[in-house]
Each structure stands twice: as structure tokens, then as C-alpha cells.
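Atoms considered below: every heavy atom in the structure, side chains included; atoms not considered: hydrogens, waters and symmetry mates. All residue numbers refer to positions in the sequence shown, counting from 1.
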Amino acid sequence: MHVFDWVKIRKDTGGCKDKLFFDSAGSSLSPHIVTKKMIEYLEMEEQLGGYLLAEIRSKELEETYEELAKLINTVPRQIAITFNATDSFARALTSIPFRSKDVIFTTSEDYVSNQLQFLSLRKRLGIEIIKVPGNRNGDLDVDQFEVFLKKYRPRLVTVTHIPTSSGIIQDVEAVGAICEANEDCYFLVDACQSVGQMEIDVKKIKCDFLSVTGRKFLRGPRGTGFLYVSDKVLDNGLEPLMPDLRGADWMSENEYRPKDSAQRFEWWEFQYSGVIGLKEAVRYANKVGMHHIEKYGHDLANRIREGLMPPKGVRPLDLGSKLGNIITLRKENVDQTLLEKHLTKHKVFYSIVSKQNALLDFQRKQINWSLRLSPHYFNSEKEAQQLIEIIDSV
């Protein structure tokens with residue numbers, strides 16, 4: 001494994017000392033500095049009120065955009081701060097001028113909320129939803145994707161980089177290269193499980209939108225997220241359906257003008273303490289280095305997968321040629337209730353993914369639930385071995 005200051009990282013993560021925490025794909029453990037800075041801000045807000053404090057701390061709040069831009073290799077004007085990944089995704093969707101019979105390309109691994117939004121658009125606007133087929137191993141069939149793109153000419157292509165129900169990492173860079181040649185097509189990437197887990201470079205992905213949450217592998221507070229917006233989106237005048245006074249200027253009784261940056265996708269009211277917390281979480285990740293974080297986390301996840309391989313009675317559920325920090329599985333002849341009681345008894349923190357959250361994926365796998373484990377760079381090799389032994393013993 002790559003060597004970095006893991007001892008300090010462990011020390012900075014107070015929540016990992018009394019448990020086996022393997023749920024960073026749900027809501028991860030924040031570094032202590034995140035909580036400390038949020039509390040300090042709230043205590044000042046208690047004394048000064050929200051307006052004055054936001055003005056006093058405006059420079060510090062603006063630094064959030066700089067840290068986020070550094071994280072994904074872009075510039076601050078292309079970053080909009082939001083409340084979560086679904087919020088970011090929805091703001092992007094509402095900016096696209098869909099017409100009846102317009103086509104959206106998607107996959108079977110999308111997050112449930114994304115699929116619900118597509119279905120709502122179909123109900124209201126009459127758009128068509130086409131799911132691009134994958135290979136037998138779960139990877140997106142890039143060659144077939146290109147054939148479909150030329151045939152159907154979609155208005156929007158959207159791919160979930162890493163789904164919530166599986167560890168597969170989809171080749172969004174290959175998709176972005178294909179989409180780039182189609183000027184009428186916009187490319188939206190759901191990166192809620194990949195940002196904070198692995199290096200992300202929007203210049204390489206060539207996406208028009210990237211939706212992200214703060215609470216997962218990024219280790220920020222709940223109720224925070226951000227949206228990356230490309231120059232193509234801004235130059236083409238795309239804007240969210242429901243702007244407010246932060247994203248637009250009221251020019252006359254019947255006219256408004258959107259801001260010339262991604263700020264047009266923001267709303268005026270923020271959870272300012274959360275923004276401070278998000279900044280600290282991103283700054284922490286940037287200081288550690290996403291290349292170190294990715295290497296350590298993926299190595300640890302692979303070690304767990306290898307340790308759980310048959311003949312231990314485990315059915316691995318992750319498909320794909322490239323896998324990340326999400327591990328999904330079933331234990332043969334062990335029902336959900338028994339498994340949950342066993343893991344809870346041994347202080348393992350985990351998630352259960354239900355069919356409702358991954359309908360298409362689970363239909364293909366012929367299951368209605370799975371255990372999801374998601375190690376991160378604050379987890380130890382010893383904890384990984386303990387986890388393997390606990391699952392083996394049920």
C-alpha cells in the first residue's frame with residue numbers, strides 16, 4: 001500500500017476508534033476539524049446573527065469554491081454549491097430545454113432518485129428514456145453506446161460513475177469523448193460516490209455537469225453538495241428552471257439576467273456552517289492527496305474482496321472490470337435479519353441496499369437486498385481482517 005501519514009489521519013477521525021466503520025458510501029466519518037469549524041461558526045452566528053457573520057467571513061466562504069475547483073481540476077466560476085447530489089442533479093436537469101420526444105440516454109445502474117426524475121420528465125414533457133445496454137460483465141458497452149448515440153441523437157446522456165448498489169466504476173471518460181463530438185448533446189455525470197474516493201478530473205471526463213454530495217467519501221457534513229458546470233453550458237445560456245436572487249439579477253419588471261458563472265445554479269439561502277464544514281473536508285482531502293486516498297482505499301477494498309472469496313459461503317455481487325470502494329454481497333443461507341444482528345453485535349457499521357434503491361440492477365441479479373460495505377482511507381488493515389473474520393463467522 002502507498003505510504004502516507006495514516007497515523008495522523010486515524011487520529012483526526014475520532015469516530016473510528018470504538019467501531020468498525022465501513023459505511024462511507026452512506027455517510028462517512030468527518031475529520032475533527034470539520035466539526036470544530038462548524039461549531040465555531042454556529043457559536044459566532046448565535047452572537048452576531050447570520051447576515052453580519054456571513055459578511056465578516058465572506059472571504060473564508062469564497063475559499064470553498066477554490067478548494068472544490070482544485071479537487072476536480074476546474075476553476076471556481078464553474079462550481080455551484082448545493083444541498084446534496086440529488087439537488088445538484090435536479091438543478092442540472094431543469095436547465096436543459098427538453099421538448100417532447102427528446103431522448104435521454106441512461107444506464108441500469110443509476111441512482112433511484114435520478115431514475116425517478118427521468119420518469120417525471122417523461123410524464124410531464126413526453127421525453128423518451130433509453131437505457132444503453134452494458135456488457136455481460138456489467139461494464140457500459142462503449143461501442144454500442146456510440147452506435148446508439150448516432151442513431152437516437154439524445155439531448156442528454158447521463159451516467160452514474162459509481163452506483164450506490166455496486167462497486168463498479170463506469171468509464172465516464174470514454175463516454176465523454178463520444179459525447180464531445182455531438183454539440184447538441186449534454187453529458188451529466190453522477191459522481192456522488194466517486195468524488196472523495198478517487199481522483200476526478202472534469203477536463204478528462206469532458207462532462208457538462210458533475211453532481212456531488214458532501215456526506216459520503218468526501219467526509220463533509222450532511223446537507224451539502226456541489227455542481228460542476230462546463231463553459232459549454234454557460235455559453236449556451238442554460239439556466240435552472242427556478243432561479244432566485246443569488247443566481248440572477250432582476251433587470252426590469254419583465255426581465256431578469258442570469259449570472260455569468262455557475263452561481264446561476266445557486267440559491268440565496270445556504271447552510272453557511274455546512275459550507276464551512278464542506279470547505280474543511282475538501283481541504284483535508286486535497287492536503288492528503290486524492291491519489292494517495294484512491295490507492296489506499298482501493299487496495300483495502302480489494303483485500304476485503306479477496307478475503308471474502310469462496311469457499312467462505314459469500315456471494316459477491318459487484319460486476320465490472322474496474323471496482324472501487326463499494327463491496328456488495330450476500331452470505332449463503334443467511335437471511336437479512338440474522339446478518340444485521342451479527343454485524344451489529346460486533347460493532348460493524350454497514351448499509352443494507354434494498355431492491356427499491358436499485359430496481360433494475362437487482363432484477364438482473366435476482367435479489368431483493370444486499371449487504372454494502374464501503375472502506376475508506378481511515379480504515380486499517382487490521383479492521384479489514386476483523387471484518388472478514390466477522391462475516392466468515394456468521
Side-chain angles (χ1 to χ4, degrees), residues 19-29 83-90 106-120 122-123 129 131 134 138 158-170 190-194 196-197 211-217 222-223 225 301 304-305 308 313-320 323-376 387 390-391 394:
K19 62 183 72 70
L20 298 175
F21 190 90
F22 290 95
D23 195 23
S24 288
S27 186
S28 192
L29 299 178
F83 299 117
N84 51 60
T86 300
D87 180 33
S88 298
F89 199 91
T106 182
T107 71
S108 297
E109 284 75 30
D110 270 329
Y111 183 57
V112 54
S113 294
N114 302 352
Q115 290 283 347
L116 294 176
Q117 290 175 25
F118 301 150
L119 293 173
S120 177
R122 184 169 70 182
K123 182 190 296 185
I129 305 168
K131 296 177 179 65
T158 174
V159 176
T160 297
H161 196 186
I162 302 176
T164 192
S165 61
S166 170
I168 188 171
I169 302 175
Q170 296 288 14
D190 180 339
C192 73
Q193 295 288 12
S194 56
Q197 177 188 152
S211 60
V212 186
T213 192
R215 76 176 191 274
K216 296 181 183 287
F217 289 98
R222 297 196 72 174
I304 294 170
R305 285 192 181 94
L308 292 173
V314 169
R315 178 190 171 189
L317 296 170
D318 297 320
L319 302 174
L323 300 177
N325 287 26
I326 295 178
I327 303 163
T328 59
L329 58 92
R330 293 278 292 266
K331 189 74 184 286
E332 292 178 5
N333 302 317
V334 177
D335 66 25
Q336 179 180 339
T337 301
L338 177 59
L339 182 61
E340 290 191 80
K341 286 182 178 178
H342 183 75
L343 293 173
T344 301
K345 175 184 175 181
H346 290 86
K347 297 185 178 180
V348 177
F349 281 57
Y350 60 93
S351 282
I352 295 292
V353 182
S354 70
K355 188 175 182 179
Q356 177 64 29
N357 296 117
L359 183 65
L360 302 176
D361 185 29
F362 279 22
Q363 282 178 343
R364 177 176 57 183
K365 295 172 180 174
Q366 297 183 325
I367 58 174
N368 55 18
W369 67 274
S370 73
L371 171 65
R372 185 183 70 186
L373 303 165
S374 43
H376 208 5
L387 177 66
I390 289 167
I391 293 175
V394 64

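Distance check: I326 CD1 to I162 CD1 gives 6.0 Å after rounding to the nearest 0.5 Å. F349 CZ to L343 CG: the interatomic distance, rounded to the nearest 0.5 Å, is 11.5 Å. Between T213 atom OG1 and D190 atom CG the span is 10.0 Å, to the nearest 0.5 Å. In this structure, L29 CG and K19 NZ are separated by 6.0 Å, a value rounded to the nearest 0.5 Å. A distance of 7.0 Å separates CD1 in I304 from CG in L373, rounded to the nearest 0.5 Å.
Closest heavy-atom contact between V353 and T164: CG2-O, 4.1 Å. Of all non-hydrogen atoms in Q115 and T107, the two that sit nearest each other are NE2-O, 3.2 Å. Nearest heavy-atom pair, I390 versus H342, reported as atom, atom and distance to 0.1 Å: O-NE2, 2.7 Å. For the residue pair S370 and T328, the shortest heavy atom distance occurs at OG-CB, 4.0 Å. Heavy atoms only, all atoms of each residue included: I168 and G138 are closest at CD1-O, 3.1 Å. Nearest heavy-atom pair across I327 and A301 is CD1-O, 3.7 Å.
Residues satisfying the side chain to side chain contact (heavy atoms under 4.5 Å, CB included) test with S354, not counting sequence neighbours, are Q356, N357. Applying the side chain to side chain donor-acceptor pair (under 3.5 Å) test to S166 and every residue at least two apart in sequence or in another chain returns nothing. F83 meets the side chain to side chain contact (heavy atoms under 4.5 Å, CB included) test with D87, R91, W267; sequence neighbours excluded. Scanning for ring pair (Phe, Tyr, Trp, His ring centres under 6.0 Å) contacts around F362 gives an empty result, with sequence neighbours left out. For S113, the side chain to side chain contact (heavy atoms under 4.5 Å, CB included) partners two or more places apart in sequence, or in a different chain, are T86, Y111. With sequence neighbours excluded, the residues forming a side chain to side chain contact (heavy atoms under 4.5 Å, CB included) with S24 are F21, S28, F217, S374, H376, F378, listed by chain and number. For H346, the side chain to side chain donor-acceptor pair (under 3.5 Å) test picks out no residue, with sequence neighbours left out. Residues satisfying the salt bridge (charged side-chain N to carboxylate O under 4.0 Å, His left out) test with R305, not counting sequence neighbours, are D318.
Looking at L339 and W369, their side chains come closer than 4.5 Å, going by heavy atoms from C-beta outward. Taking the side chain as every heavy atom from C-beta outward, T160 and Q170 never approach each other to under 4.5 Å. Contact of the K216 side chain with the Q193 side chain is registered, since non-hydrogen atoms from C-beta on lie closer than 4.5 Å. Residues I352 and L371 are in side-chain contact: their nearest non-hydrogen atoms beyond the backbone lie under 4.5 Å apart. Under the 4.5 Å side-chain criterion, counting only non-hydrogen atoms from C-beta, L359 is not in contact with V112.
Contacts classified as salt bridge (charged side-chain N to carboxylate O under 4.0 Å, His left out) and involving residues 332-358 (residues at least two apart or in different chains) are not found. Sorted by first and then second residue, the salt bridge (charged side-chain N to carboxylate O under 4.0 Å, His left out) pairs involving residues 361-376 (not counting sequence neighbours) are D23-R372, E109-R364, D361-R364, D361-K365.
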Walk me through it: do L360 and K131 pass the test side-chain contact (heavy atoms from CB on, under 4.5 Å)? CA-CA 10 Å; L360 302 176; K131 296 177 179 65; 3.1 Å; yes
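Put simply, the side chain of K331 gets close to the backbone of V394: a donor and an acceptor are under 3.5 Å apart. N325 contributes a side-chain N or O that, together with a main-chain N or O of P375, makes up a donor-acceptor pair within less than 3.5 Å. Using a distance-only test at 3.5 Å, with no hydrogens or angles considered, no donor-acceptor pair links the side chain of R222 to the main chain of N84. Of the possible polar contacts, one joining the R215 side chain to the G26 backbone as a donor-acceptor pair under 3.5 Å is found.
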